[in-house]
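To keep things clear, I will list the structure first and then write my remarks on it.
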Amino acid sequence: MRLFAFIGSHLVGYRGRYLAGTAAVFLEGAMTAAPMIIAGLALVVLTRADATPADIWPYGAAIVLATLFRIVLVRVAWLNLFRGGGAVTLSVRERVAEHMRRVPLGILSRWTPARLANLLTDDARWIYEASTIAASLMLAGIVSGVALLIAAIAFNLPVGLAAAGAAALSIPALAWAGHLLRRMVRRRVADVAEGNQRIGEYAEGIAVFRSFGRTGAALETYRAAAADMRDTMIGGTPPLSAVSAAGRSVLDMGVPLALIALAALLAYGEGAVPKSAVPTILLVLASIGAFSAALAQGALIGTAERAARELDRFLAEPVLGGANALGRTQHLELAFESVSFGYGADETAVQTLADISFIVPPGTTTAIVGASGAGKSTIAALILRFFDVTSGRITLDGCDIRDLDPSALQAAIAFVGQDVHLFRDTLRANILLGDPSASDARLREVVAAARLDELVAALADGLDTIVGDGGRTLSGGERQRVAIARALLKNAPIIVLDEATSAIDPITELALQRAFAVLARGRTLIVVAHRLRTIAGADCIVVLDRGRIVESGRHERLLEDGGLYARLWNAQARAAGWSVR
Ligand SMILES: Nc1ncnc2c1ncn2[C@@H]1O[C@H](COP(=O)(O)OP(=O)(O)OP(=O)(O)O)[C@@H](O)[C@H]1O
C-alpha cells in the first residue's frame, strides 16, 4: 500500500491516465480468466446427452472475442501505465534533484554521494518497473485468479470452496514470506551500499594505501563487506524459500482438496461424478496458475517498496527556509550578532563557535585568522548557510539570512573553498559556471586576473581543454585558480575565500592578489587565511581562538597589542626562515 501511495503522490498530471491503465489491467485480468470459464461452460454443455457439434460455436466465438478484447486492453493498459510510470519516475528524479538543491549542505553530507546517486538511478528505476510491469502483472494475476475461483465456486460449490479454502490458507504463509523478503531486500541493499562505499574508498584512496603499503588491508575491508553481502543472501534465503514454498504448497493444495471434495460428493452425495467436476478442477488449476504469476512479482514489488521508503526519507529532509528578497543587490552589510554554533543536531553537540559578533561593512575586506580548528571555516560555512546558527543571527543588509530566499543569498555571495571541484568538462565551461552569460572578453579578463593565461596558452585546446574527473588533470594550485576565476566571474557583491590560495606558490599568489584586488574592487571580501602575510592589508582582522573572538582590528594595531595575532605573526615570520636539513 505504501508503494502505491508513493506512486499516487508522484502521478502529477497523469493520475487519470494511470487510473485508466489500472482499470484496463483489471478488465484484462477478467478477460484472461474468461476463455477458461467459457471453455468450462462449453465442457458442461458438451457432456449433455443431446449435445451437437454446433453447440460449441457460440462458445468458440466468445473465446475469440474475449481474447481479442484482451489484446486491446493490454495495449490500452500498457500505454497508460508506461506513460504514468514514466511520469512518476521523472517526477521522483526531479523532486530528488530539486530537494538536493534546497537541503542544507550540512544535512546533505549525511547522505553519502553513493546513496544520493542510488536515489536517482536504482531506486527511481525500481519505482518505474514496479509502477509499470510488476504492478500490472500482479493486479492482472490476482483479478484473474479470483475470477477463476469464483467461477469454480459457481460451477460446483463444494469443489470450488475447497480450492478457495486452500487459497485462503496460503495467505498467512505468503504474507510472512513477503515480510521475510522485504527484510532480506533491506539488508541486502544496505550491504551493497556498504560494499560500494568501501570499494569507492579503496579506489579513491589507492595512492594513500599504496604509499603506506596498506593495499592488502584496505582490500580486506572491501572483502569483509562483500562477505557480509554473501552472508545476508545465504542466511536469508533458507527461511525465505521455506516460508515461500510452504505458502505455494498450501496454494497448490487447491487441486487435491478439490478432488477430496469431489470424492466426498461421490461417497455421500450425488453418487455420480457431476458434469461440472472436470471444468471446476480445470478452473481451480488455472486460478492457482494466475495467483502464482501474481506472486512472482512479489520480489520486485518488495524492492520497489524499500526504494519508495528511502526516497520518502530523503524527501522528508528539511529544506532551507526563507522567502524574503533583498531590498538591493549591492552595498550589503554582513553582520554576525552573538552567533553560537555546534555541529550535530542535539544538545550534546560540541560548541564550535561561541558568541561571535562582528560587522563587515560593504566594500571592505575582513580576514578571519586563528589556529587550526579555531572555527574559521565554520564561520564561512554559516555565512553560506551550509548550516544554520544555533543561537544569535547572521544578517545581510539587516535581514536575518534564515529569512532570506536561499537563491537571493546564493546570488549575493561567491565562494571559493579549500576543496575545489571541477566538472569533467572544458575549462571554459568550468569557469562559466560563475556566469554562463559572460562575454568572451569578460571571461579572458578573469582568466588573466586568476593568473590562468599561461596555463591556457600551454594547453593544446586552450580554454576548450577537457579537465578530467573532478579536475584531476590540473594541479592543486591550478584548480584553485580556476575556482577564483569562477568566483570573480559571478560578480556577486560578497566574495568568501576560505584558504583559496593555500596551494598556490608565493610568487603567483602575490601576482594573483594584485590582479584580484583590481577586479574585486568595491566588493566585500571575507578571507579565511593561514598565511597572515596575505591578509595583512585587510580593513579588519578577526582573531579566533577555540571558537571565540579574542581580538580584532587592523594588522598594525594587533601587532602593537602583542596578543594572539602578534604571536601567530611572529611564529610565521620565524618559520619563514626555517630550512629542512
Ligand atoms: N562537519 C563537521 N562536523 C563535525 N565537526 C566539524 C565539522 N567541520 C568542522 N568540525 C569541527 O569544528 C571545529 C572547527 O573546524 P573549522 O574547520 O571551522 O576550523 P578551522 O579554523 O577552519 O581549521 P583549519 O584552519 O584547520 O581549516 C574543529 O574542531 C572541527 O573538527
Side-chain angles (χ1 to χ4, degrees), residues 100 103-116 197 201 317-318 320 334 336 338-358 360 365-392 394 401 413 415-421 476-477 479-480 483-484 487 494-504 509 525-536 538 540-552 558 563-572 575-576:
M100 277 184 197
V103 169
L105 281 184
I107 292 181
L108 204 59
S109 60
R110 283 193 232 131
W111 291 74
T112 60
R115 265 177 91 195
L116 289 174
Q197 174 86 5
E201 278 172 6
E317 292 285 16
L320 283 172
L334 184 85
F336 272 61
S338 304
V339 167
S340 296
F341 173 75
Y343 288 100
D346 53 16
E347 300 296 306
T348 57
V350 183
Q351 200 169 46
T352 305
L353 294 176
D355 200 22
I356 301 285
S357 297
F358 62 90
V360 184
T365 298
T366 297
I368 318 280
V369 303
S372 192
K376 306 181 292 294
S377 297
T378 305
I379 287 192
L382 292 182
I383 295 172
L384 293 149
R385 281 198 79 193
F386 290 173
F387 303 89
D388 276 334
V389 300
T390 313
S391 66
I394 302 171
I401 60 172
I413 301 173
F415 171 65
V416 184
Q418 300 184 12
D419 304 316
V420 176
H421 185 84
R479 280 206 297 274
Q480 285 195 328
I484 288 170
I494 299 173
I495 303 179
V496 178
L497 302 174
D498 183 0
E499 291 286 341
T501 54
S502 57
I504 298 174
E509 187 181 34
L525 289 183
I526 296 160
V527 187
V528 172
H530 269 296
R531 288 192 227 164
L532 302 184
R533 192 175 39 76
T534 60
I535 50 87
C540 179
I541 300 168
V542 174
V543 187
L544 279 186
D545 185 22
R546 278 165 287 176
R548 289 182 181 274
I549 296 182
V550 286
E551 53 189 353
S552 64
L558 291 173
L564 177 60
Y565 180 80
R567 289 202 298 280
L568 288 171
W569 177 267
N570 291 331
Q572 285 194 5

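This structure is a prediction, so every number in the text was calculated from the model and none was measured. In listed order, ligands and their atoms are each counted from 1.
The environment of Asn570 atom CG is dense: over 12 non-hydrogen atoms of other residues, nucleotides or ligands sit within 6.0 angstrom. Counting heavy atoms of neighbouring residues, nucleotides and ligands inside a 6.0 Å radius, atom CZ of Arg531 exceeds 12 of them.
For atom 18 (O) of ligand 1, the nearest non-hydrogen atom of the protein is Thr378 OG1, 2.5 Å. Among all protein heavy atoms, the one lying closest to atom 26 (O) of ligand 1 is Ser372 OG, 2.6 Å. For atom 13 (C) of ligand 1, the nearest protein heavy atom (residue, atom name, distance) is Thr352 CG2, 3.6 Å. What sits closest to atom 17 (O) of ligand 1 on the protein, heavy atoms only, is Ser377 CB, 3.6 Å. The shortest contact between atom 10 (N) of ligand 1 and any protein heavy atom is with Tyr343 CE1, 3.3 Å.
In the candidate list His530, Lys376, Gln418, Lys376 is nearest to atom 21 (O) of ligand 1, counting heavy atoms. Of the candidates Gly375, Gly373, Gly547, Gly373 brings a heavy atom nearest to atom 23 (O) of ligand 1.
One N or O on the side chain of Glu499 and one on the backbone of His530 form a donor-acceptor pair closer than 3.5 Å. In this structure, the side chain of Glu551 engages the main chain of Leu564 through a donor-acceptor pair within 3.5 Å. At least one donor-acceptor pair closer than 3.5 Å links the side chain of Lys376 to the backbone N or O of Ala371.
Distance check, rounded to the nearest 0.5 Å: CZ of Phe358 to CG of Leu334 gives 6.5 Å.
Heavy-atom contacts of Ala371 reach the following atoms of ligand 1: 21 (O) (cutoff under 4.0 Å). Atoms of ligand 1 lying under 4.0 Å from at least one heavy atom of Ala374, given by number and element, are 19 (O), 21 (O).
In this structure, atom 30 (C) of ligand 1 has no protein heavy-atom contact shorter than 4.0 Å.
Applying side chain to side chain contact (heavy atoms under 4.5 Å, CB included) to Ile368 and the options Asp498, Ile541, Ile526 leaves one that passes, Ile526.
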